[in-house]
**Student:** 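Got a structure for you, questions after.
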Amino acid sequence: MSHTAKILLLGSGELGREFVISAKRLGAYVVACDAYDDAPAMQLADAREVFSMLDGEKLRAAAEKHRPDYIVPEIEAIRTSVLAELEDEGFTVVPSARAAQLTMNRDAIRDLAAHELGLVTSKYHYAKNLEEVKAAAQHTGFPCVIKPVMSSSGKGQSTVRDEAGLEAAWDYAHANMRGDRQRVIVEQFVDFDYEITLLTVRHRDGVTFCPPIGHRQERGDYQESWQPTPMSDQAIGKAQEMARTVVDDLGGYGLFGVEFFVKGEEVIFSELSPRPHDTGMVTLVSQNLTEFDLHARAVLGLPVPADLRARPAASAVILAERDSKSLSYEGLAEAMADGADLRIFAKPDSRPYRRMGVALATAGDTDEARRKAREAAHKVRIVYGD
């Protein structure tokens, strides 16, 4: 049986699941990898491998066993030194091993953006212990934001109003660190009007931008997103220029989620992920080509339209409340009665605040779409069997 390409997918959560669907539609053969079995993307892939992405030996073994045309990271926590070795040996890492290395840790991508590329960022400092956190906060001033240089989906992030809150913020960040680097970034709190994700596709014919996505976070994790979000042409132009600068520097083909703070006409670079972005789940209903379709096209060297439009749409997450290994879902019909759509991620177990699904809605404007998506998400009930 022939395929357009063989893909080794590193990380098999909900974003990986949707990417598998898009890649399979284009004839790809996908091997889904994650640290636990029956992860969402594994359920739809052609083959699976269960191992920690931070285990360099097992990562190399999977690559050598399957000999993929493309190695596609879906998470940050990967032994990126092995990706660099594999790339040197002729494997194609998406978008590049350098991009994976620089974005695995917030400090590397921030330093690249601020110092080498000259992008506008907030004031920031790094710290490896509580004493350094206190010194860094003197540099940034209060309020400040403290987060691990490497974590998952914004976990471990908190805003600190005064010196009394620094120890709790350090403890929280320390508890949510991923990987093996005990380091946090302390950054100036930006009093922004709103924050956006600019999905940026680097492909064989150039760079294409999706309309900006607005989003709201709690506990450093996305709760809802909407597209398009109102921005002046001047602000959009600044964001696109900065996004193009950084993705061209990182190189390779694929979709990047580039985050910005916006205050008036001022646009401030925040973070970047060299892969589909959780806030981009809204593109499952807002765009004819979702962020996952665009990523798959770019990865496989297929055409990406120069102009991407979005209808007013929104997404709202469905969160678990507790730990459970036996799950079912109720209220789906009620949730969808007002025209909303659902994606249940089919994760094998739950924990407090874990994303288990997303509600999606379109409407005449984004405010109405947000209302419909939020109401639909609230109507889905997770039934815990243990």
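Keep in mind that this is a model prediction, so the values were computed, not measured.
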**Student:** Could you tell me whether the side chain of Ser350 and the main chain of Arg322 form a donor-acceptor pair under 3.5 Å?
**Tutor:**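 Answer holds: yes.
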
**Student:** I need the minimum non-hydrogen distance between Tyr329 and Ile382, along with the two atoms involved.
**Tutor:**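 In this case the closest contact between Tyr329 and Ile382 is CE2-CG1, 3.7 Å.
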
**Student:** Can a donor-acceptor pair be found between the side chains of Ser315 and Ser225 at a distance below 3.5 Å?
**Tutor:**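 Yes, Ser225 and Ser315 have a side-chain donor paired with an acceptor closer than 3.5 Å.
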
**Student:** Are Lys347 and Asp38 ion-paired here, with the side-chain N under 4.0 Å from a carboxylate O?
**Tutor:**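 Salt bridge absent between Lys347 and Asp38.
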
**Student:** Looking only at heavy atoms, which two atoms of Ala335 and Leu342 are closest? And how far apart?
**Tutor:**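 Ala335 and Leu342 have their closest heavy atoms at CB-CD1, 4.0 Å.
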
**Student:** Apart from Phe189 itself, what residues make up its hydrophobic cluster when side-chain heavy atoms of I, L, V, M, F, W and Y under 4.5 Å apart count as a link, directly or indirectly?
**Tutor:**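 Under the 4.5 Å side-chain rule, Phe189 groups with Val145.
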
**Student:** Is the backbone of Ala235 close enough, under 3.5 Å, to the side chain of Ser232 for a donor and an acceptor to pair up by distance?
**Tutor:**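 Confirmed, Ser232 side chain pairs with Ala235 backbone.
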
**Student:** Does atom CD of Glu57 have more than 12 heavy-atom neighbours from other groups under 6.0 Å away?
**Tutor:**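 Check fails, neighbour count at 12 or below.
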
**Student:** Taking only Lys NZ, Arg NE, NH1 and NH2, and the carboxylate oxygens of Asp or Glu, determine whether Lys134 and Glu167 approach each other closer than 4.0 Å.
**Tutor:**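 No, this pair does not count.
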
**Student:** Looking only at side chains, do Thr197 and Glu259 share a donor and an acceptor under 3.5 Å apart?
**Tutor:**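 Looking only at side-chain atoms, Glu259 and Thr197 do not form any donor-acceptor pair under 3.5 Å.
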
**Student:** Any donor and acceptor pair, going by atom type alone, linking the side chain of Lys6 with main-chain N or O of Tyr70 inside 3.5 Å?
**Tutor:**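 Between the backbone of Tyr70 and the side chain of Lys6 there is no qualifying donor-acceptor contact (under 3.5 Å).
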
**Student:** Say whether, by atom type as modelled, one donor and one acceptor occur between the side chain of Ser326 and the main chain of Asp386 under 3.5 angstrom.
**Tutor:**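 Checking the backbone N and O of Asp386 against the side chain of Ser326, no donor-acceptor pair under 3.5 Å is found.
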
**Student:** Return each pair, listed once, that meets side-chain hydrogen bond (donor to acceptor under 3.5 Å, both in side chains) where at least one residue sits in residues 286-307; pairs must be two or more places apart or across chains.
**Tutor:**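 Those involving residues 286-307 are Ser22-Asp293, Gln227-Ser286, Gln227-Gln287, Asn288-Arg311, Thr290-Asp293, Asp307-Arg309.
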
**Student:** Is Glu14 paired with Arg343 through a side-chain N to carboxylate O contact shorter than 4.0 Å?
**Tutor:**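 Salt bridge flag = no for Glu14 with Arg343.
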
**Student:** Are Arg275 and Glu76 close enough for a salt bridge, meaning some N to O gap below 4.0 Å?
**Tutor:**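 Counted as a salt bridge, because a side-chain N and a carboxylate O are separated by less than 4.0 Å.
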
**Student:** Under 4.5 Å between any side-chain heavy atoms of Ser328 and Val383, yes or no?
**Tutor:**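 SC-SC contact between Ser328 and Val383 confirmed.
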
**Student:** Is the count of non-hydrogen atoms from other residues, nucleotides or ligands lying under 6.0 Å from Lys263 atom NZ greater than 12?
**Tutor:**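 Above 12, so yes.
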
**Student:** Within the supplied structure, the quantity of interest is the number of heavy atoms (other residues, nucleotides, ligands) at a distance under 6.0 Å from Asp233 CG; does it exceed 12?
**Tutor:**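 No - once you tally the heavy atoms of other residues, nucleotides and ligands closer than 6.0 Å, there are 12 at most.
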
**Student:** Decide, yes or no, whether a salt bridge links Lys325 with Asp349 under the criterion of side-chain N to carboxylate O below 4.0 Å.
**Tutor:**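 Between Asp349 and Lys325 there is a salt bridge, with a charged N closer than 4.0 Å to a carboxylate O.
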
**Student:** Indicate yes or no: at least one non-hydrogen side-chain atom of Pro211 is less than 4.5 angstrom from one of Met231.
**Tutor:**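 The answer is no; the side chains never approach within 4.5 Å.
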
**Student:** Can a salt bridge be assigned to the pair Glu49 and Lys58 using a cut-off of 4.0 Å between side-chain N and carboxylate O?
**Tutor:**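 A salt bridge is absent here (no side-chain N lies under 4.0 Å from a carboxylate O).
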
**Student:** Looking at every heavy atom in both Pro95 and Gly251, which two are closest together, and how far apart are they?
**Tutor:**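 Nearest pair, atom of Pro95 first, then Gly251: CB-O, 3.5 Å.
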
**Student:** Ion pair present between Arg48 and Asp37, side-chain N to carboxylate O less than 4.0 angstrom?
**Tutor:**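 Salt bridge between Arg48 and Asp37, a charged N being under 4.0 Å from a carboxylate O: yes.
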
**Student:** If you apply the rule side chain to side chain contact (heavy atoms under 4.5 Å, CB included), what do you find for Val20 with Leu9, and how did you get there?
**Tutor:** CA-CA 9 Å; Val20 169; Leu9 180 66; 3.7 Å; yes

**Student:** Looking only at heavy atoms, which two atoms of Ala239 and Ile196 are closest? And how far apart?
**Tutor:**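 Looking at all heavy atoms of both residues, the closest pair is CB-CD1, 4.5 Å.
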
**Student:** Look only at the side chain of Asp46 and the backbone of Val30, and say whether a donor-acceptor pair between them is shorter than 3.5 Å.
**Tutor:**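 Here the side-chain-to-backbone pair exists.
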
**Student:** Parallel under 30°, tilted from 30 to 60°, perpendicular over 60°: which one fits the rings of His277 and His215?
**Tutor:**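 The rings of His277 and His215 sit tilted, inter-plane angle from 30° to 60°.
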
**Student:** Are the side chains of Ile21 and Phe292 in touch, meaning some heavy atoms are under 4.5 Å apart?
**Tutor:**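 They are not in contact (no side-chain heavy atoms under 4.5 Å apart), so the answer is no.
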
**Student:** Does a side-chain N-to-carboxylate-O contact under 4.0 Å join Arg355 and Asp221?
**Tutor:**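 The answer is yes: the pair qualifies as a salt bridge.
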
**Student:** Just jot down the ring pair (Phe, Tyr, Trp, His ring centres under 6.0 Å) partners of Tyr126, sequence neighbours excluded, or say none.
**Tutor:**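 Expected list: Tyr124.
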
**Student:** Examine distances only and state if a side-chain atom of Ser324 and a backbone atom of Leu327 form a donor-acceptor pair shorter than 3.5 Å.
**Tutor:**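 Flag not set: sc Ser324 to bb Leu327 has no pair under 3.5 Å.
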
**Student:** Roughly how far, to the nearest 0.5 Å, is the OH atom of Tyr172 from the CD1 atom of Ile146?
**Tutor:**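 Separation between the atoms: 12.5 Å.
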
**Student:** Using atom types as modelled and distance alone, determine if a side-chain donor or acceptor of Glu87 lies under 3.5 Å from a backbone N or O of Ala97.
**Tutor:**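 Looks like yes, one N/O pair under 3.5 Å.
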
**Student:** Is the shortest side-chain heavy-atom distance between Pro352 and Asp323 below 4.5 Å?
**Tutor:**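 In contact.
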
**Student:** Are Phe269 and Ile236 grouped together when hydrophobic residues (ILVMFWY) are joined by side-chain heavy atoms under 4.5 angstrom apart?
**Tutor:**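 In one cluster with Phe269: Ile236, yes.
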
**Student:** Has Glu74 got a side-chain atom pairing as donor or acceptor with Gly16's backbone, closer than 3.5 angstrom?
**Tutor:**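 Here the side-chain-to-backbone pair exists.
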
**Student:** Can you list, by chain and residue number, the hydrophobic cluster partners of Leu86 when the side-chain cut-off is 4.5 Å?
**Tutor:**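 Hydrophobic cluster check, Leu86: joined to Leu8, Leu10, Tyr29, Val31, Phe51, Met53, Leu59, Ile71, Ile75, Ile78, Val82, Leu83, Phe91, Val93.
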
**Student:** Quick check on Glu334: does its CD atom have over 12 non-hydrogen neighbours (other residues, nucleotides or ligands) under 6.0 Å away?
**Tutor:**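 Result for CD/Glu334: enclosed.
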
**Student:** Strictly below 4.0 Å, N to O, side chains only: are Arg79 and Glu85 in salt-bridge contact?
**Tutor:**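 Not counted as a salt bridge, because no side-chain N and carboxylate O are separated by less than 4.0 Å.
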
**Student:** Is there side-chain contact between Arg161 and Phe142, with at least one heavy-atom pair below 4.5 Å?
**Tutor:**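 Of all side-chain heavy-atom pairs linking Phe142 with Arg161, none is under 4.5 Å.
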
**Student:** I'd like to know if Tyr384 and Leu332 are part of one continuous hydrophobic network [Ile/Leu/Val/Met/Phe/Trp/Tyr, side-chain heavy atoms within less than 4.5 Å].
**Tutor:**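 Hydrophobic grouping puts Leu332 with Tyr384.
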
**Student:** Verify, without hydrogens or angle tests, whether Asp34 (side chain) and Ala39 (backbone) share a donor-acceptor contact under 3.5 angstrom.
**Tutor:**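 No.
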
**Student:** Same cluster or not: are Val258 and Leu117 linked, directly or through other Ile, Leu, Val, Met, Phe, Trp or Tyr residues, by side-chain heavy atoms under 4.5 angstrom apart?
**Tutor:**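 Yes, Val258 connects to Leu117 through the hydrophobic network.
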
**Student:** Can you check whether Leu308 reaches Leu294 side chain to side chain, under 4.5 Å on heavy atoms?
**Tutor:**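 A side-chain contact under 4.5 Å exists here.
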
**Student:** Strictly by side-chain hydrogen bond (donor to acceptor under 3.5 Å, both in side chains), give each pair with a member in residues 246-258 just once, sequence neighbours left out.
**Tutor:**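 Pairs touching residues 246-258 that pass the test: Arg98-Asp249, Arg202-Asp248.
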
**Student:** Return yes when atom NE2 of His378 has more than 12 non-hydrogen atoms of other residues, nucleotides or ligands closer than 6.0 Å, and no otherwise.
**Tutor:**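 At most 12 heavy atoms, drawn from other residues, nucleotides or ligands, come within 6.0 Å of this atom.
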
**Student:** Can any side-chain N or O of Thr283 pair as donor or acceptor with the backbone N or O of Met281 at less than 3.5 Å?
**Tutor:**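 The answer is no, because no donor-acceptor pair under 3.5 Å joins these two groups.
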
**Student:** Salt bridge check: are Arg60 and Glu64 linked by an N-O gap of less than 4.0 Å?
**Tutor:**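 Salt bridge flag = yes for Glu64 with Arg60.
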
**Student:** Any non-hydrogen side-chain atom of Val120 less than 4.5 Å from a side-chain atom of Val267?
**Tutor:**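 Answer no - side chains too far apart.
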
**Student:** Is it possible for you to say whether Met104 and Leu272 belong to one hydrophobic cluster, with membership spreading through side-chain heavy-atom contacts below 4.5 Å?
**Tutor:**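 As far as the 4.5 Å side-chain criterion goes, Leu272 and Met104 are not connected within one cluster.
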
**Student:** May I ask you to check whether His203 and Thr208 show a side-chain donor-acceptor distance below 3.5 Å?
**Tutor:**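 Judged by distance alone, the side chains do pair up.
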
**Student:** In the structure I gave you, are the side-chain heavy atoms of Asp107 and Ile185 within less than 4.5 Å of one another anywhere?
**Tutor:**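 Asp107 does not reach Ile185 side chain to side chain.
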
**Student:** Can you check side chain to side chain contact (heavy atoms under 4.5 Å, CB included) on Val317 and Glu224, steps first, answer last?
**Tutor:** CA-CA 6 Å; Val317 299; Glu224 59 173 337; over 6 Å; no

**Student:** Any idea which heavy atoms bring Asp205 and Pro303 closest together, and the distance?
**Tutor:**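 For Asp205 versus Pro303, the nearest heavy atoms are OD2-CA, 4.4 Å.
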
**Student:** Test: side-chain hydrogen bond (donor to acceptor under 3.5 Å, both in side chains). Region: residues 237-246. Which pairs qualify, not counting sequence neighbours?
**Tutor:**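 Of all non-adjacent pairs touching residues 237-246, none passes side-chain hydrogen bond (donor to acceptor under 3.5 Å, both in side chains).
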
